[in-house]
Asks: 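Below is one structure. I have some questions about it.
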2 protein chains.
Amino acid sequence: MKTPTRNRRAEILEAAADLFAARGFHGVSIEDIGAAVGVSGPALYRHFSGKEALLAEMLLDISERLREQGARLATTADPDTAEAALDALLSGHIEFALTHPALIRVHERELDNVPEQARRAIRRLQRLYVEEWVTVLSELHPACPPARLRAATHAVFGLLNSTPRSAGELAPEAMADLLRTMARAALSRL
Amino acid sequence: MKTPTRNRRAEILEAAADLFAARGFHGVSIEDIGAAVGVSGPALYRHFSGKEALLAEMLLDISERLREQGARLATTADPDTAEAALDALLSGHIEFALTHPALIRVHERELDNVPEQARRAIRRLQRLYVEEWVTVLSELHPACPPARLRAATHAVFGLLNSTPRSAGELAPEAMADLLRTMARAALSRL
DNA sequence: GGAGTCTGTTAATGATGATTAACATCCGAG
DNA sequence: CTCGGATGTTAATCATCATTAACAGACTCC
């Protein structure tokens, strides 16, 4: 019982993500989360210091993954073709959103329930990710003021993150294609 | 004390909308809502049969307003220019989103907390509103399959409804302009 | 072969919170 | 006037929940 135990934390985080996505942080009890992974209630305290800490770790992980991915893709090869960098960012985000709809949903909705300190860290990561996009976009639209680029970036995130809401309507492939097409168009004329 | 009383219900709905938008349905107590309008706690039961009923009425009202607006704008004058109808729908939705960010947020997030029966009614209204858009879009893109048009509509809503998240970055005027530009572009090539 | 760490379990404990009861006020109608 | 309805108030009631206690099996390392 050593190997399976290693996965417990991750297992809990995953189950909790699904539950939070479906019913919201306050709509899910510790007992619910425990049940979802086959243990009951207070067992979670062996892995996390509390419910908020669990959420904090979850959001930190998501934000960190997005930021890391952003930093990696934005600097992709050709520094002259900002166009290519934008495409890479787009594809990366879409892939993430389609693969982890629950995480996207929680990331979008539950920041307010994270304790102050962690919230600051998460916000910082989110800001860095946005800045990655803004940097690329400012190369494509040098005349566009930064505030507008930032707002445009948030708007595109809203578009891309709509996935969890229109789930099932379209096959993942078709959905990815649609989102890429729409986002590219939306960002082409700023 | 007759005239001011007439407003009580609306006053409560408004205060509750702001609170739900900020902290989520489960994150707000009846006591909180009462305090926000200057009465305390159980007084709300003189106006609503319960917390869920309050939310249900709120979402029904929002969905109804959007649907009504959609039905009105989509049929606007020129039936030949689907282009104009789309612009009208866009401007209407943007105006609503910028004017009532809290309502948009609640409408987007809290449907799951509404009791079954009301939820069905709300979903029906939402569906009608979406179909209004799909009808217009199908005229502009006759070759595009309906499922794709529906997904595109949801995606554009995601874009337009990003307002509450990027609040303050831009002046309302500039924001409306940006959203209109991006949405038009996103919907131009499906 | 036993001490210690890891993970769990099932009972408290203590808050918070929705809803209801019992009891005032105020105001317009008759 | 005074009766009734509309609105409120405060004090129960009853659940639900996060968190902590107390206790137990299992596996590791010595």
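Below, chains carry the letters A, B, ... as their sequence lines are ordered, and counting in each starts from 1.
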Asks: Quick one: list whatever passes ring pair (Phe, Tyr, Trp, His ring centres under 6.0 Å) with B/His107, sequence neighbours left out.
Replies: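 Per chain and number, B/His107 pairs via ring pair (Phe, Tyr, Trp, His ring centres under 6.0 Å) with no residue.
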
Asks: In whole Å, I'd like the distance from the CZ atom of B/Phe48 to the C1' atom of D/dG8.
Replies: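 From B/Phe48 CZ to D/dG8 C1': 16 Å.
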
Asks: It should be established whether A/Arg8 places a side-chain nitrogen or oxygen under 4.0 Å from OP1 or OP2 of nucleotide C/dG8.
Replies: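 Checking C/dG8 against A/Arg8, a side-chain N or O does come within under 4.0 Å of OP1 or OP2.
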
Asks: Residues in ring pair (Phe, Tyr, Trp, His ring centres under 6.0 Å) with B/Phe25, at least two apart?
Replies: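 Per chain and number, B/Phe25 pairs via ring pair (Phe, Tyr, Trp, His ring centres under 6.0 Å) with B/Phe20.
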
Asks: Whole angstroms only, please: what is the CZ-P distance between A/Arg9 and C/dC6?
Replies: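 So the CZ-P distance, A/Arg9 to C/dC6, works out to 13 Å.
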
Asks: Indicate every side-chain donor-acceptor pair of residues 33-44 of chain A with a distance under 3.5 Å to a residue at least two apart or in another chain.
Replies:
none

Asks: I'd like to compare against my own output: the B/S/- annotation of nucleotides 18-25 of chain C with a strict under-4.0 Å heavy-atom distance to protein.
Replies: SBB-B---

Asks: How long is the line joining CG of A/Leu44 and C1' of D/dT20, in whole Å?
Replies: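 Answer to the nearest Å: 14 Å.
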
Asks: Salt bridge (Lys or Arg N to Asp or Glu O under 4.0 Å) with A/Glu83: which residues, sequence neighbours excluded?
Replies: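 By the salt bridge (Lys or Arg N to Asp or Glu O under 4.0 Å) rule, A/Glu83 matches no residue at all.
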
Asks: Please report, to 0.1 Å, the donor-acceptor pairs under 3.5 Å made by any side chain of residues 92-99 of chain B, with sequence neighbours excluded.
Replies:
unit_1  : atom_1 : unit_2   : atom_2 : d
B/His93 : ND1    : B/Tyr129 : OH     : 2.7
B/His93 : NE2    : B/Asn161 : OD1    : 2.9
B/Thr99 : OG1    : B/Glu95  : O      : 2.5

Asks: By salt bridge (Lys or Arg N to Asp or Glu O under 4.0 Å), which residues pair with B/Glu57, not counting sequence neighbours?
Replies: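 Listed in chain order: B/Arg9.
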
Asks: Strictly below 4.0 Å, heavy-atom distances to any atom of DNA chain C: list the hits from residues 32-40 of chain A, or just say none.
Replies: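 Within this stretch, A/Val39, A/Ser40 sit under 4.0 Å of the strand.
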
Asks: Are any of the side-chain nitrogens in B/Arg105 or B/Glu110 under 4.0 Å away from the carboxylate oxygens of its partner?
Replies: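 Salt bridge: no.
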
Asks: Could you pull out all residues at least two apart from A/Asp18 that satisfy salt bridge (Lys or Arg N to Asp or Glu O under 4.0 Å)?
Replies: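 For A/Asp18 there are no salt bridge (Lys or Arg N to Asp or Glu O under 4.0 Å) partners, ignoring immediate neighbours.
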
